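Each residue takes its place number in the sequence, starting with 1. Since we're looking at a predicted model, the values are computed, not measured.
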Amino acid sequence: MRPWTLVRRTVPFAVVSAVAVASLVSTSDAAPPAVVTAEAKPAEVTETVVPPVDPAEDEARPDQRTAPSTPEAEEPQPAAELTRSTETFSLLGVTWDAGSTDEDPTVEVRWRSLADGWSDWTTLETSPTDPASTDVRPGTDPLWVGESDGVDVRVSTPSGRSPSGVRVSTVTDGENGSATVPTAAAVGQPKIISRASWGARSGSSCSAPVYGASMLGTTLHHTAGSNSYTKAQSAGIVRSTQAYHTGSQGWCDIGYNFLVDKYGQIFEGRKGGITKMVRGAHAGVNAANERTVGVSMMGNYDVAQVPAAMKTAVADLIAWRHSLAGLKATGTYSLGGKTVNRIMGHRDVKSTACPGRYGYAWLTQSGGLRSEVAKRLARTSTSTPTPSTPAPGTEIQKLAAKIGSTKLGKVVRAEWGNSTQRRAIYANMDLLWTKAAGAYAVSGPAKTEFYRTGEHNGSLGFPTGDPVATSVTGTKVQRFQKGAVYLVTSGSSTAGYALYGPLYKEYQAQKESAGKLGVPRSTVYRARTGYQRLKLTKGYLELSEASGDVSTWYAGGIGPDGLTVPSSRTVTFRGHGFGHGIGMSQYGAQGAARSGKTFKEILAAYYPGTTLSERTGSIRVLLGAATSSTVTVTARSGLAYRNMVSGKRIVLPATRNGKTVSQWRIIPLTADPKKSVLQYRTGSTWTAYDRNFWTGDAQFEATKVALVMPGGSVREYRTSVRSAVPSKGATTRKTVNVTSIDNYTLGVVAAEMPSSWEPEALKAQSVAARTYGVRSLTPSRYYDVCDTTSCQVYKGVAGQTATTDKAVLATLGAILTYQGAPAFTQYSSSSGGASAPGSQPYLKGRLDAWDDWSGNANHDWTASVPAATIEKAYPQVGTLRSLKVTKRDLMGDWAGRVESITLTGTKGSTTVTGPQLRFALGLRSHYFRLG
């Protein structure tokens with residue numbers, strides 16, 4: 001596929017497969033172990049397309065459907081339907097394409113439980129969306145159903161028109177249930193099972209959590225689904241819920257802040273800190289996501305009473321969080337323009353049954369949840385810090401007196417804190433003091449950004465100064481411990497932009513507003529998966545979350561996408577990766593294997609949506625170095641000749657006329673080169689074998705056939721070497737090795753990947769190489785695949801090593817298929833940290849952290865190319881003046897690989913593709929920036 005040249009993120013928590021309806025949904029389900037002895041395995045999500053159906057053709061099938069419980073006239077007409085037997089799973093949900101319908105679909109499911117058979121039809125509620133994520137898919141809440149192996153889905157709308165892209169997601173927990181070790185309890189804090197303990201995905205796209213302003217209350221939920229789970233299965237339910245939220249719905253993490261099981265176990269939910277106001281995705285209302293803590297009871301409390309152990313744990317958890325925020329258990333407040341209780345149910349802000357009729361009754365009844373939380377707060381009031389009134393003369397008091405009550409407004413929360421940092425909240429501004437910096441007010445747009453980023457515990461920290469003017473008219477900046485807020489006035493309005501982290505540090509290094517980039521036009525935000533951005537009036541800064549690198553982009557074509565040829569007449573390219581970058585990165589596969597990933601996990605990540613299958617048979621390999629029309633082999637015991645036209649097979653003798661035969665050959669007949677003749681060599685003489693002439697193909701056969709190359713060297717190939725007529729009536733011949741698909745794979749792997757690499761990487765390469773060969777099978781021509789980099793490199797027996805043979809044999813017959821056909825398993829040396837999108841649905845652009853490890857010299861590269869070299873390749877531009885990237889594929893650093901680039905010179909301009917420039921200049925890849 002490409003010449004091997006040794007010239008540098010984590011596997012997704014959810015492995016998502018979009019498969020055809022004709023294919024089986026495939027997951028795995030293991031019995032829960034009694035005790036965890038290793039890190040919990042990730043849950044797997046399998047997505048199956050639900051096809052649209054004509055309501056007129058919706059006929060019940062006796063083996064899969066039950067009679068409807070309501071009259072036929074009242075049954076919703078299905079807009080899409082799936083009935084399927086599957087491998088085992090434990091959680092399911094349904095999603096559809098965003099924006100594909102303005103109606104609210106009715107989604108009904110039933111499942112076949114291994115214990116109880118088919119369930120009744122159950123309607124799933126539509127879940128909220130995640131404001132912290134992009135590219136989300138609308139869908140239902142996940143439903144825990146226990147171990148099941150069949151699912152029916154019906155999706156209907158009032159109009160009968162299906163939303164597009166409807167998929168049912170079945171989730172199998174990689175280690176279905178586990179005993180976990182809770183975190184140590186602090187004073188007033190209940191035991192909480194950490195994300196690490198329950199096996200959360202490491203490094204979600206919420207890796208930089210978003211924090212709301214100070215906590216105002218709690219929202220109570222239930223997860224719905226089965227109530228019959230065991231205590232050991234609870235961690236698996238949480239893992240599966242996260243897998244569905246991230247893998248199917250496109251959220252950046254699990255939506256809830258906490259989950260509580262019926263045994264009283266409390267699980268940490270969304271990443272960001274159990275004491276912080278982490279913005280979740282639990283409510284479907286932004287105000288509730290940002291200002292309340294989402295606590296979800298694991299189970300369906302529309303059909304069952306809330307267990308006593310769960311009640312105790314939920315009350316303990318909410319009391320602890322309310323005590324940290326200085327909140328009461330009772331009373332009301334305004335949230336998003338609506339008056340709600342401090343502890344409310346999900347149904348109070350969203351049209352939903354959540355947290356179920358029994359759950360909501362416990363929440364609201366006398367002596368219920370609010371009363372229990374109030375009792376706990378009363379008992380712990382002496383040990384729980386509360387806002388304190390400072391003695392007269394403190395720094396905050398002095399600042400308050402200086403500002404005056406008219407500007408401050410009413411006291412919202414009296415001063416509290418400790419000997420090094422304190423705070424007071426007023427209606428119009430906050431006053432904050434640190435021992436190191438003193439007391440300062442935060443108000444207006446700066447206060448808005450301060451709250452949005454998590455207040456003093458968030459991205460900015462405490463203020464270290466008042467707003468001061470910059471060198472740019474109408475722009476001020478207020479500094480904080482970890483960042484700054486720029487206040488930019490335009491006309492009569494002033495906008496605040498929070499700057500923090502590596503982007504803020506780089507902006508400082510470039511002299512901030514006094515530098516070439518100008519003043520901010522945005523706060524720090526995630527521009528795309530894995531990349532944060534800061535917009536400025538004269539360009540922008542972009543941070544790669546994986547590498548920590550910050551790149552600078554200037555307006556007007558200067559920077560990574562534009563370059564004026566310098567006086568040195570040398571153009572510098574700084575790039576990532578080696579090769580086209582589509583499909584599997586070989587260095588990435590090695591990086592994954594080094595981190596403990598299996599070949600199945602590697603293949604699932606690089607070819608998502610494909611299925612492991614088996615294929616046997618033979619393959620015909622065109623041997624490019626055998627350039628002669630004569631096929632010559634070394635004589636050996638067991639060597640046979642076969643005429644492919646007549647089918648006649650002859651075991652060739654070791655001697656002829658008492659003389660030892662040293663070689664055999666098939667050669668075009670001199671008198672009529674459309675025909676061939678079999679000859680043998682004794683001494684230096686070639687003699688026709690029985691004067692046998694024929695038209696068509698013939699071949700030599702043996703366990704190993706020793707082919708004599710045009711230069712005299714000998715190469716061994718397995719099974720047979722054929723003299724092939726390339727076309728009807730041809731007078732030339734081509735040499736083709738015909739062997740089994742697995743023998744072919746034995747000769748490929750070591751030629752494409754170093755044999756010293758990890759076994760799992762070699763196995764992944766074996767499956768990819770075998771699949772590539774199978775997909776190349778072309779009965780209509782005389783060969784299937786070549787042995788050069790135009791296909792993939794194949795060296796026959798000489799290409800085999802002990803380690804690569806072991807990997808091939810460990811995956812014997814294994815190939816990847818998509819919708820039943822062999823997949824197009826392209827691969828390259830190094831992705832450079834981002835796979836390029838390819839021509840197939842499973843060849844997706846994706847970030848690839850596995851590619852970045854110390855042994856990969858291809859991950860980063862630099863090339864200096866004389867302008868004269870570029871001018872020679874493109875003489876139509878004349879003397880080269882500048883280069884300008886005009887399009888990228890938007891995946892990875894610098895917005896991805898170069899799709900087109902314009903070269904401008906004294907005679908004009910020309911636009912070429914990134915790959916064209918790469919090959920013209922000998923660059924390692926078209927994933928580069930200029931300068």
Side-chain angles (χ1 to χ4, degrees), residues 616-652 661 663-669 672-681 686 688-690 692-711 713-748 773-774 776-788 790-799:
T616 58
S618 63
I619 189 170
R620 300 165 300 164
V621 189
L622 179 63
L623 304 180
T627 56
S628 172
S629 288
T630 301
V631 176
T632 305
V633 300
T634 300
R636 59 176 51 180
S637 176
L639 181 69
Y641 154 86
R642 184 187 297 273
N643 186 306
M644 305 306 296
V645 177
S646 66
K648 182 179 180 181
R649 184 178 186 272
I650 302 170
V651 177
L652 298 174
V661 177
Q663 293 178 337
W664 293 87
R665 72 182 182 186
I666 298 170
I667 186 171
L669 189 63
D672 185 0
K674 293 179 182 179
K675 295 182 179 181
S676 300
V677 61
L678 174 66
Q679 297 179 340
Y680 61 90
R681 183 176 183 177
W686 285 98
Y689 183 77
D690 294 341
N692 179 27
F693 309 137
W694 71 93
T695 300
D697 296 351
Q699 64 190 31
F700 295 109
E701 298 176 351
T703 303
K704 295 178 183 179
V705 180
L707 177 66
V708 180
M709 305 305 289
S713 62
V714 176
R715 297 184 188 178
E716 284 191 321
Y717 294 93
R718 293 185 181 274
T719 312
S720 61
V721 173
R722 177 175 297 175
S723 170
V725 179
S727 60
K728 186 177 181 179
T731 58
T732 59
R733 306 292 184 270
K734 298 293 183 181
T735 305
V736 176
N737 177 207
V738 184
T739 189
S740 73
I741 292 168
D742 282 304
N743 282 342
Y744 166 72
T745 309
L746 288 168
V748 170
V774 171
S776 300
L777 297 177
T778 311
S780 61
R781 68 185 180 193
Y782 69 95
Y783 74 98
D784 297 309
V785 68
C786 64
D787 66 347
T788 68
S790 296
C791 303
Q792 54 185 359
V793 179
Y794 169 68
K795 294 184 177 180
V797 175

Which heavy-atom pair separates I666 from W694 by the least distance, and what is that distance?
CG2-CZ2, 3.7 Å
Could you pull out the closest heavy-atom pair between S720 and E701, with the gap in Å?
CB-CG, 3.8 Å
Separation between OG1 of T739 and CD1 of I619, rounded to the nearest 0.5 Å:
9.5 Å
State the OG1-OH distance between T735 and Y783, to the nearest 0.5 angstrom.
13.5 Å
Atom pair CH2/CZ of W664 and R681 - distance to nearest 0.5 Å:
14.0 Å
Does D787 use its side chain to pair, donor to acceptor, with the backbone of L623 at less than 3.5 Å?
no
Side chain to side chain donor-acceptor pair (under 3.5 Å) with R733: which of S676, S628, S629?
S676
How close do A706 and R636 get, counting heavy atoms only, and between which atoms?
CB-NH2, 3.4 Å
Within a 6.0 Å radius of atom CZ on R718, are there more than 12 heavy atoms belonging to other residues, nucleotides or ligands?
yes
Measure the spacing between NZ of K734 and CZ of R781 and express it to the nearest 0.5 Å.
13.0 Å
Mind checking the OH-CZ spacing from Y641 to F700? Nearest 0.5 Å is all I need.
8.5 Å
Give me the atom names and distance for the closest heavy-atom approach of L777 to S618.
CD2-O, 3.7 Å
Side-chain heavy atoms of Y680 within contact of L652, under 4.5 Å:
no
Closer than 3.5 angstrom, by distance alone: can the side chain of D784 be matched with the main-chain N or O of T778 as a donor-acceptor pair?
yes
Nearest heavy atoms of V645 and T695, plus distance in Å:
CG2-O, 3.2 Å
Output yes when a side-chain donor or acceptor of S740 lies under 3.5 Å from a complementary backbone atom of N743, and no otherwise.
yes
Sort out for me which residue in Y794, Y717, Y744 forms a side chain to side chain donor-acceptor pair (under 3.5 Å) with N737.
Y794
Sub-4.5 Å side-chain heavy-atom contact between T719 and V738:
no
Quick one, I667 and V677 - any side-chain contact, counting heavy atoms below 4.5 Å?
yes
Residues P710 and A626: closest non-hydrogen pair is CD-CA, 4.2 Å
Interatomic distance, T632 atom OG1 to Q663 atom CD [nearest 0.5 angstrom]:
6.0 Å
Does R642 reach the main-chain N or O of R722 with its side chain, forming a donor-acceptor pair under 3.5 Å?
no
